[in-house]
Structure formats: structure tokens, C-alpha cells
Novice: 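Below is the structure I would like to discuss, written out as C-alpha cells.
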2 protein chains.
Amino acid sequence: MTLEAEGFEVETYNDGQSALEAFNRRMPDMAVLDIKMPRMDGMDLLQRMRQKTSIPVIFLTSKDDEIDEVLGLRMGADDYVKKPFSQRLLVERIRALLRRQEAINTGEAAATEETRMMERGALRMDPLRHSVTWKGLEVSLTVTEFLLLQALAQRPGFVKSRDQLMDVAYDDQVYVDDRTIDSHIKRLRKKMRSVDDTFSAIETLYGIGYRYNEE
Amino acid sequence: MTLEAEGFEVETYNDGQSALEAFNRRMPDMAVLDIKMPRMDGMDLLQRMRQKTSIPVIFLTSKDDEIDEVLGLRMGADDYVKKPFSQRLLVERIRALLRRQEAINTGEAAATEETRMMERGALRMDPLRHSVTWKGLEVSLTVTEFLLLQALAQRPGFVKSRDQLMDVAYDDQVYVDDRTIDSHIKRLRKKMRSVDDTFSAIETLYGIGYRYNEE
DNA sequence: AATCACCTTGGCAGAACTGCGGCAAAGGGT
DNA sequence: ACCCTTTGCCGCAGTTCTGCCAAGGTGATT
């Protein structure tokens with residue numbers, strides 16, 4: 001299959017049953033289903049899969065089951081491709097869906113209000129993974145650094161005073177010197193510069209506090 | 001028996017004959033059979049039971065009758081547990097089987113292997129068989145280790161705090177020091193290293209918890 | 001330009017955290 | 001009663017993180 005030549009990792013199954021097993025086992029990033037399959041057709045399979053995740057699904061339909069297209073989409077398929085189809089077409093549609101999914105994942109989706117993923121310009125923060133990337137490069141932060149950056153990036157362009165930042169990083173009973181925030185900002189900037197020596201997104205407001213600037 | 005403490009309703013019989021009678025009378029949700037029993041051994045009993053229903057059956061085997069394991073599975077047993085076994089292991093296997101049965105019942109069609117294998121990179125876990133392999137090599141884990149690894153591997157790349165891991169491995173009432181998790185992770189890593197001394201899939205995040213990384 | 005206020009940065013000691021060996025106590029099978 | 005496995009925890013040593021200091025810079029103000 002040329003899908004592999006395109007850099008995708010692919011697994012193929014000839015019936016719905018084994019496809020479902022494989023799905024549960026591997027949790028793929030997306031699925032391409034034929035409507036007609038032995039041992040469980042595409043519709044049933046889609047329904048089962050939707051109970052677990054919401055990955056992108058493309059249906060393959062032949063002329064005979066055109067009627068099913070609407071039904072399929074309504075059931076949660078993301079796209080369908082009519083047989084016969086060209087390799088290129090399928091690859092394109094797959095790419096498009098994965099791009100869209102990526103956008104959703106990085107943008108809003110994920111968990112709750114506070115723990116969700118954040119994207120601000122070249123910065124990405126994912127609390128659930130405790131991972132931070134700047135221009136695509138992983139930066140390894142400590143808990144305190146992570147919290148401070150999160151607080152700042154939360155509202156790009158808005159100043160946060162040291163007191164406000166302390167509230168984010170410490171429990172109420174804990175008190176530390178103002179200048180300690182400066183220390184953390186220092187280390188934060190240093191780590192960011194270690195992956196991008198032009199980093200300047202954290203600005204100092206003389207006498208006020210710090211500010212994260214997007215762009 | 002502590003199975004009752006786990007919320008199961010249990011009846012015990014010391015020979016195959018009375019077990020069969022009880023079986024016909026009560027129609028249980030599942031059965032745990034010893035291979036060796038007076039008045040009718042596990043094999044015969046299984047055969048009789050299978051004529052009526054297809055409830056999950058677990059065999060208990062001792063070293064002497066290892067040969068029977070294959071035979072037993074072929075005859076329709078769903079799982080077997082080697083003696084000596086720990087209370088917790090048995091409970092875990094029973095739960096897994098009941099879960100699967102439940103899935104089959106509600107998901108109507110034969111969703112047989114639904115809750116079966118989990119593959120994450122070089123790791124494979126089979127909750128039903130309580131078996132784990134790393135790069136194809138069998139690793140023998142205790143119940144606690146198994147649960148922790150399962151929880152971590154469930155979502156590769158996501159951090160799990162010690163608290164979250166404790167939730168997975170312990171009942172709500174049980175409380176243990178969170179450094180105990182460290183001990184289990186230690187043993188887990190050690191066992192994994194014993195089959196692959198480069199093992200490093202379980203990462204520590206300072207001040208946060210642990211994370212399973214694929215590849 | 002002089003002065004004062006406020007920041008940045010390197011350095012450092014103590015605090016916090018983790019890995020590991022080891023041990024004693026359950027827990028439960030025989 | 002005896003034994004083996006599993007488990008929770010302790011303590012030490014090594015590592016990482018953090019709060020603060022002090023020296024030197026930068027910005028504001030007069």
C-alpha cells in the first residue's frame with residue numbers, strides 16, 4: 001500500500017471483527033472503514049469505536065451503498081470516499097482529517113477548564129503530559145517554572161504582579177521573598193533561550209511585574 | 001474466603017458431584033474449578049457445565065497437572081490460575097472475566113476480545129491472562145505491579161501522580177505512604193530490566209509523578 | 001549627570017525528592 | 001506449624017530544585 005510510502009503506519013484487516021479487536025488494542029490515530037465487510041459492517045464498527053474515542057473516521061463507499069453516506073456521516077464518520085478512488089485522493093483526505101484533529105487536540109479538547117492544553121503563539125503547554133514546547137522543541141521545566149509560565153501565558157499581553165504570580169505558585173500559607181519570583185523567571189528565560197536564543201516573550205514591566213507577549 | 005469481602009456471592013463445594021448439583025440449581029455467573037476433585041474432576045465437570053451454558057470458568061491447576069492447562073483451555077475453560085496463587089491475583093482474574101462477559105452480553109454480538117490485549121510499543125499486556133511481555137519476552141509481575149504498569153501504559157505520555165496510581169492499585173479505604181508507589185516502581189523497573197537492561201519507558205517527573213513513554 | 005529604585009544573573013547552601021538495598025510483617029498456601 | 005511471596009516502609013546516598021544573596025546593570029527621576 002502506498003499509504004506506508006507516505007509515512008503512515010498502517011494495519012489492515014479484512015473483517016470488522018478483527019478490525020475492532022485491533023482498534024481496541026492499538027488505539028490508532030484514525031481509521032478508514034469499508035462499509036461492507038464480513039463479520040461486522042462499517043456502521044456497526046463505527047458505532048463501537050465511537051463509544052471509546054472520537055478519532056477521525058473515513059468511510060469507503062461504493063455506488064451501491066450511496067444511501068449510506070448520509071447515514072454514515074450522521075453516525076459520526078468524518079468523511080467518505082467513493083469507490084473507485086485514487087490513492088492520492090485518499091491520502092489527501094487522510095492528511096486533511098489528521099490536520100484538523102491535530103488542531104482540535106492542541107486547541108481546545110482535552111480535559112477540564114484548568115487542566116486543558118494551551119497554545120499561545122510558538123508556545124504549547126500540556127499540563128496532563130507536563131510537557132512544554134517552544135517552536136516545536138521540548139523544554140523541560142520544573143513544577144514552579146511550569147506554573148509561572150502557565151499563569152503568564154494564560155493572558156498574553158496582560159501584566160502579572162509578583163504577588164499574583166506567587167498566588168499561583170504557592171499555597172496561601174507559604175511566603176517567600178519577591179525576588180524569588182525573579183529567580184524563577186531567570187531560570188525560565190534561560191531554559192527557553194537554550195532552545196531559542198532569541199526568546200523574548202517574557203517581558204519585564206519596571207516596577208509592576210511580568211508579561212507574556214504572543215507573536 | 002475473602003472473595004466475599006470483595007462483594008462476590010460465593011458458594012463452595014469440595015467435590016465435583018455436589019458442585020454440579022449446585023451449579024444446576026443456582027446457575028452462577030461464573031465458576032472456579034479445581035482440576036483435582038473427588039467424585040468428578042474439573043474436566044468432567046466443565047464438560048457437563050458447558051452442555052448447559054457458557055459462563056466463564058477458571059481452572060486452578062497445580063504444578064503436577066500443567067499438561068492439563070492446554071487441554072482445559074481447549075475444552076472451553078476461559079482462564080487458568082496456577083497454584084500457589086495469591087488472593088489478589090484470583091480476584092483480578094475473576095474481575096477481568098466478568099468484565100469481558102459483561103461486554104459480551106451488552107455488546108450483543110461476539111465482541112470476544114474486546115477487553116483483551118493492550119499493545120504499547122514493545123509492551124504487551126493481557127489483563128485476562130495477567131501476562132506481560134516486553135520485546136516479546138515474558139515478564140512476571142505481581143498484581144500491584146501489573147495494575148500500576150497498566151495504569152501508566154494506558155495513556156503513554158501522560159503523567160500520573162502517586163495519588164492517581166494509588167487509586168488504581170488500592171481500594172478507597174486503604175491508605176499507604178506514597179513512597180510505597182516508588183517501591184513498586186522500583187521493582188517494576190528492575191523486573192523489566194532483567195529482560196532488557198536498557199529499559200527506560202517509565203520516566204520519573206520530579207515532584208509530579210511517573211510517566212510511561214512509548215518507543 | 002547624578003542619584004535612587006528596581007532588575008538580572010551567577011553562585012551557593014539547604015530543602016526537597018528519588019533510587020535502592022534491606023527488613024520485618026502480612027497473607028495465604030501446603 | 002512451616003514456608004514462600006508479596007508488600008509497606010525505613011534510611012542512606014545521590015540528585016534536583018529552590019530561596020536568597022550580592023555584585024553589577026538598567027531605567028526613571030531630578
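Residue numbering restarts at 1 for every chain, and letters A, B, ... go by the order of the sequence lines. What you see is a predicted model; the values in this text were computed from it and never measured.
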Novice: Please report the distance, rounded to the nearest Å, between NZ in B:Lys191 and C1' in C:dG19.
Specialist: 17 Å
Novice: So, is B:Thr180 close to the D:dC9 phosphate, meaning a side-chain N or O under 4.0 Å from OP1 or OP2?
Specialist: yes
Novice: So what does B:Tyr210 touch, heavy atoms closer than 4.0 Å: a base, only the sugar-phosphate, or nothing?
Specialist: sugar-phosphate
Novice: Taking donor-acceptor contacts at under 3.5 Å, does the side chain of B:Lys186 reach the base of C:dG22?
Specialist: yes
Novice: Regarding A:Glu11 and A:Tyr13, is there a side-chain donor-to-acceptor distance under 3.5 Å anywhere?
Specialist: yes
Novice: Is there, by distance only and without an angle test, a donor paired with an acceptor across the side chain of A:Arg187 and the base of C:dG10 below 3.5 Å?
Specialist: no
Novice: Given D:dG8, C:dT8, C:dG10, which nucleotide is nearest the side-chain atoms of A:Lys190?
Specialist: C:dG10
Novice: For the pair made of CG in A:Leu188 and P in C:dT9, what is the distance, rounded to whole Å?
Specialist: 12 Å
Novice: Write down the distance between CZ (B:Arg162) and P (D:dG8), rounded to a whole number of angstrom.
Specialist: 15 Å
Novice: Rounding to an integer number of Å, can you tell me how far A:Tyr206 OH sits from D:dG27 P?
Specialist: 9 Å
Novice: Once you round it to whole Å, what is the distance between C1' of D:dC21 and CG of A:Asp182?
Specialist: 13 Å
Novice: Can you check the A:Ile181 CD1 to D:dC20 P distance for me, whole Å?
Specialist: 10 Å
Novice: With nearest nucleotide decided by heavy atoms, which residue, B:Leu205 or A:Gly209, maps closer to the 5′ end of DNA chain C?
Specialist: A:Gly209
Novice: Check the phosphate of C:dC17 against B:Thr204, side-chain N and O only, distance under 4.0 Å to OP1 or OP2. Yes or no?
Specialist: no
Novice: Start with the C-alpha distance between B:Val139 and B:Thr133, add both sets of side-chain angles, then the distance that settles side-chain contact (heavy atoms from CB on, under 4.5 Å), and finish with yes or no.
Specialist: CA-CA 6 Å; B:Val139 186; B:Thr133 58; over 6 Å; no
Novice: Any N or O donor-acceptor pair linking the side chain of B:Ser183 to the base of D:dC9 at under 3.5 Å?
Specialist: yes
Novice: Once you round it to whole Å, what is the distance between P of C:dG21 and CZ of B:Arg179?
Specialist: 14 Å
Novice: Calculate the interatomic distance between B:His184 atom NE2 and C:dG22 atom C1'; express it in whole Å.
Specialist: 16 Å
